[in-house]
Amino acid sequence: MSETAVKAPGVPDSNRWKALIFIALAQLMVVLDATIVNIALPSAQQDLGISDGNRQWVVTAYALAFGGLLLFGGRIADLWGRKRAFVIGLTGFAAASALGGAATNEAMMFGARALQGVFGALLAPAALSLLAVMFTDAKERAKAFGIYGAIAGGGGAVGLILGGFLTEYLDWRWTFFVNIPFAVVAAAGAWYVIREPEGGRNRSSLDIPGVILSTLGLVALVYGFTRAESDGWSDSLTVGMFVASAVLLVAFVAVEAKVKAPLLPLRVVTDRNRGGIYLSLGLAIIGMFGLFLFLTYYLQIVQGYSPVKTGFAFLPMIVGMITGSTQIGTRLMTRVAPRLLMGPGFLLAAVGMLLLTQLEVDSSYAALLLPAMLLLGLGMGTAFMPAMSLATMGVKPQDSGVASAMVNTSQQVGGAIGTALLNTIAASATTSYVADHIGGAATRSQQQLVQLEGMVEGYTSAIWFAVGILVAASVIAFTFVNAGKPGSTPVASSEGAEEELPVPVVAH
């Protein structure tokens with residue numbers, strides 16, 4: 001990579017808005033992949049002869065590689081340069097997608113998904129940190145992160161629509177092949193358009209113990225939650241994974257506090273604003289991941305929607321997220337403190353979630369699901385946008401990769417927790433409901449109705465927990481995030497000095 005692809009410090013990059021197009025395209029591809037494969041999974045399982053017991057590895061192989069290597073990927077972006085990491089990540093992701101689409105057996109599929117996770121862990125932090133260092137004016141930053149936040153929040157729902165179309169009208173393999181044009185266009189555009197600020201690299205030696213401990217600790221944590229979903233919370237391997245994760249992550253923190261050039265400088269996470277954002281985002285994702293899963297099953301199994309119709313049913317949420325992020329968040333970001341967007345945003349999403357606790361077997365889409373999804377989208381879009389922006393403000397350019405990786409890590413771990421925790425709650429409530437009511441069902445149709453009612457009872461029980469989790473995310477945002485509006489009141493940083501966090505830092 002030529003070292004000429006840099007710009008002078010303090011000078012806005014004339015290509016920054018063009019660069020945003022390709023960064024957003026890459027982010028859309030990564031977020032799409034999280035849900036698009038889920039819709040294709042039943043067809044792929046049948047074609048490749050994957051057993052029910054091994055089916056989960058199509059999702060788990062990706063989650064473990066992506067979640068485990070995010071911090072390492074963020075540090076590599078700081079070391080190599082974000083543009084280089086971004087292009088390599090895109091190229092590798094495209095190659096892994098081609099391998100997945102061409103898979104002829106389960107081993108090839110699992111390997112392709114793991115490779116997607118590896119390159120995704122390099123790509124995602126590079127994309128977010130490029131935005132952080134390229135957009136330094138407060139108003140421009142608000143617009144850029146508004147677009148990025150809308151894609152990060154709404155892309156999963158777009159994946160449901162696209163996955164439904166591709167699976168229903170073409171073939172499940174196209175849910176992998178569709179990544180290739182995304183990646184080629186984004187990589188080519190980034191290569192010619194993106195110029196990084198000078199002095200943004202972190203050329204310190206790589207913290208190998210930190211890489212090993214963080215990777216193993218995060219892999220153990222994500223796998224622990226995955227095991228909990230399939231084998232129960234008291235399973236010996238599940239418990240062992242949680243214990244191992246705790247030991248490894250405590251050891252990681254101890255190492256980071258002592259080494260000269262840590263993988264994750266503790267100042268990045270101990271700052272109350274960034275810490276509050278990582279925690280509240282993680283909690284919000286716990287609620288959202290469970291919701292996507294439950295509503296997909298509810299619409300397809302209980303209401304009998306086709307995959308394509310299910311995807312379109314999520315459109316109001318996408319519209320809400322785009323509106324909340326680009327119209328509410330972007331317009332108010334430079335006028336009010338971030339917590340006054342994040343706190344109310346998570347609360348509005350909680351109200352939308354609260355409506356969904358009223359789900360029944362024959363609930364009306366227009367009367368219940370439509371307003372609930374609009375509120376959820378508006379709330380999440382409004383909250384995500386300032387959170388994404390503030391998470392990388394006040395960070396040294398040399399640390400922007402790992403700060404960005406922490407945003408992705410909180411989302412990835414939140415997704416793993418949400419899927420396992422809420423699924424467990426739903427399954428338990430369903431089992432209990434069916435056991436209590438099946439005795440009174442005399443005919444086959446009555447028994448089927450009890451089964452459907454049991455499923456809905458499980459979903460609503462889990463959604464009540466999701467409401468509480470979103471309220472907790474709101475409380476944390478109000479309590480921890482004390483940064484003022486851009487250019488306003490300085491707040492105390494974790495390093496003891498006054499630091500005007502909301503003012504973007506330009507590379508020196």
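Hydrogens, waters and symmetry mates are skipped; everything else that's a heavy atom, side chains included, is used.
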Inset, instruction - Flag the pair Phe294 / Tyr298 as yes when their ring centroid distance falls below 6.0 Å, and as no otherwise. - result: no
Inset, instruction - Please report the shortest heavy-atom distance between Leu347 and Ser474, naming the atom on each side. - result: CG-OG, 3.2 Å
Legend entry - Euclidean distance, Thr460 OG1 relative to Glu457 CD, rounded to 0.5 Å: 4.5 Å
Legend entry - Side chains of Ile50 and Phe110 in contact at under 4.5 Å (non-hydrogen atoms): yes
Inset, instruction - Please examine the side chains of Phe72 and Leu122, heavy atoms only from C-beta on, and report whether any two atoms are closer than 4.5 Å. - result: no
Legend entry - Val185 vs Met29, side-chain contact (heavy atoms from CB on, under 4.5 Å): CA-CA, chis, key distance, verdict: CA-CA 11 Å; Val185 171; Met29 181 188 72; over 6 Å; no
Legend entry - Between CG on residue Leu422 and OH on residue Tyr459, distance to nearest 0.5 Å: 12.5 Å
Legend entry - Derivation of the side-chain contact (heavy atoms from CB on, under 4.5 Å) call for Thr215 and Phe252: CA-CA 10 Å; Thr215 301; Phe252 170 66; over 6 Å; no
Inset, instruction - Specify whether Tyr433 and His437 have parallel, tilted or perpendicular ring planes, treating 30° as the upper limit for parallel and 60° as the lower limit for perpendicular. - result: parallel
Legend entry - Arg274 side chain reached by Val269 side chain, heavy atoms, under 4.5 Å: no
Legend entry - CZ-CZ distance between Phe478 and Phe346, expressed to the nearest 0.5 angstrom: 10.5 Å
Legend entry - Any donor-acceptor pair under 3.5 Å from Ser428 side chain to Ile425 backbone: no
Inset, instruction - Would you mind telling me which of Thr382, Val481, Leu390 makes a side chain to side chain contact (heavy atoms under 4.5 Å, CB included) with Leu341? - result: Thr382
Legend entry - Nearest-0.5 Å distance, OG1 of residue Thr430 to CG of residue Leu452: 10.5 Å
Inset, instruction - Measure the CZ-CG distance between Arg173 and Leu166 for me, rounded to the nearest 0.5 Å. - result: 14.0 Å
Legend entry - Closest non-hydrogen atom pair, Leu348 against Gly379: CD2-N, 3.8 Å
Legend entry - Asn105 side chain to Met108 backbone, donor-acceptor under 3.5 Å: yes
Inset, instruction - Could you tell me whether the side chain of Leu25 reaches within less than 4.5 Å of the side chain of Ile21, counting heavy atoms only? - result: no
Inset, instruction - Check whether any side-chain heavy atom of Leu356 sits under 4.5 Å from a side-chain heavy atom of Leu295, and report yes or no. - result: yes
Inset, instruction - Check step by step if side-chain contact (heavy atoms from CB on, under 4.5 Å) holds for Gln45 and Trp172. - result: CA-CA 10 Å; Gln45 180 185 359; Trp172 66 264; over 6 Å; no
Legend entry - Closest contact, heavy atoms only, Gly73 versus Pro125: C-CG, 4.3 Å
Inset, instruction - Answer yes or no: does atom CH2 of Trp174 have more than 12 heavy-atom neighbours from other residues, nucleotides or ligands under 6.0 Å? - result: no
Inset, instruction - Please indicate whether Phe465 has more than 12 foreign heavy atoms, meaning atoms of other residues, nucleotides or ligands, lying under 6.0 Å from its CZ. - result: no
Inset, instruction - Would you confirm whether Ser245, through its side chain, and Met241, through its main-chain N or O, come within 3.5 Å as a donor-acceptor pair? - result: no
Inset, instruction - Return each pair, listed once, that meets side-chain hydrogen bond (donor to acceptor under 3.5 Å, both in side chains) where at least one residue sits in residues 338-367; pairs must be two or more places apart or across chains. - result: none
Inset, instruction - Assign the ring pair Phe66 / Tyr62 to parallel, tilted or perpendicular, where the plane angle (0 to 90°) is split at 30° and 60°. - result: parallel
Inset, instruction - State, to 0.1 Å, how close Gly352 and Ala372 come at their nearest heavy-atom pair, and which atoms those are. - result: O-CB, 3.4 Å
Inset, instruction - Look only at the side chain of Thr238 and the backbone of Ser234, and say whether a donor-acceptor pair between them is shorter than 3.5 Å. - result: no
Legend entry - Student check: side-chain heavy atoms of Met353 and Ile469 closer than 4.5 Å: no
Legend entry - Verdict with reasoning, Phe225 to Thr424, per side-chain contact (heavy atoms from CB on, under 4.5 Å): CA-CA 10 Å; Phe225 282 112; Thr424 304; over 6 Å; no
Inset, instruction - Could you grab the distance from atom CG of Leu378 to atom CG of Leu375, nearest 0.5 Å is fine? - result: 6.5 Å
Legend entry - Minimum-distance pair of heavy atoms, taken over all atoms of Ser410 and Leu281: OG-CB, 4.1 Å
Legend entry - Arg227 side chain vs Ser236 backbone, donor-acceptor pair below 3.5 Å: no
Inset, instruction - Side-chain contact test, heavy atoms from C-beta onward, threshold under 4.5 Å: evaluate it for Met342 versus Ile277 and give yes or no. - result: yes
Inset, instruction - Compare all side-chain heavy atoms of Ile212 with those of Leu248 and state whether any distance is below 4.5 angstrom. - result: no
Distance-only check: which donor-acceptor pairs under 3.5 Å involve side-chain atoms of residues 87-101, not counting sequence neighbours?
unit_1: Thr91; atom_1: OG1; unit_2: Val87; atom_2: O; d: 2.8
unit_1: Ser97; atom_1: OG; unit_2: Phe93; atom_2: O; d: 2.8
unit_1: Ser97; atom_1: OG; unit_2: Gln116; atom_2: NE2; d: 2.9
unit_1: Ser97; atom_1: OG; unit_2: Asn179; atom_2: ND2; d: 3.1

Legend entry - Where Pro316 and Ala313 come nearest, the two heavy atoms and their spacing: CD-O, 3.3 Å
Inset, instruction - Count the heavy atoms belonging to other residues, nucleotides or ligands that lie under 6.0 Å from OH of Tyr223, then report whether that count exceeds 12. - result: yes
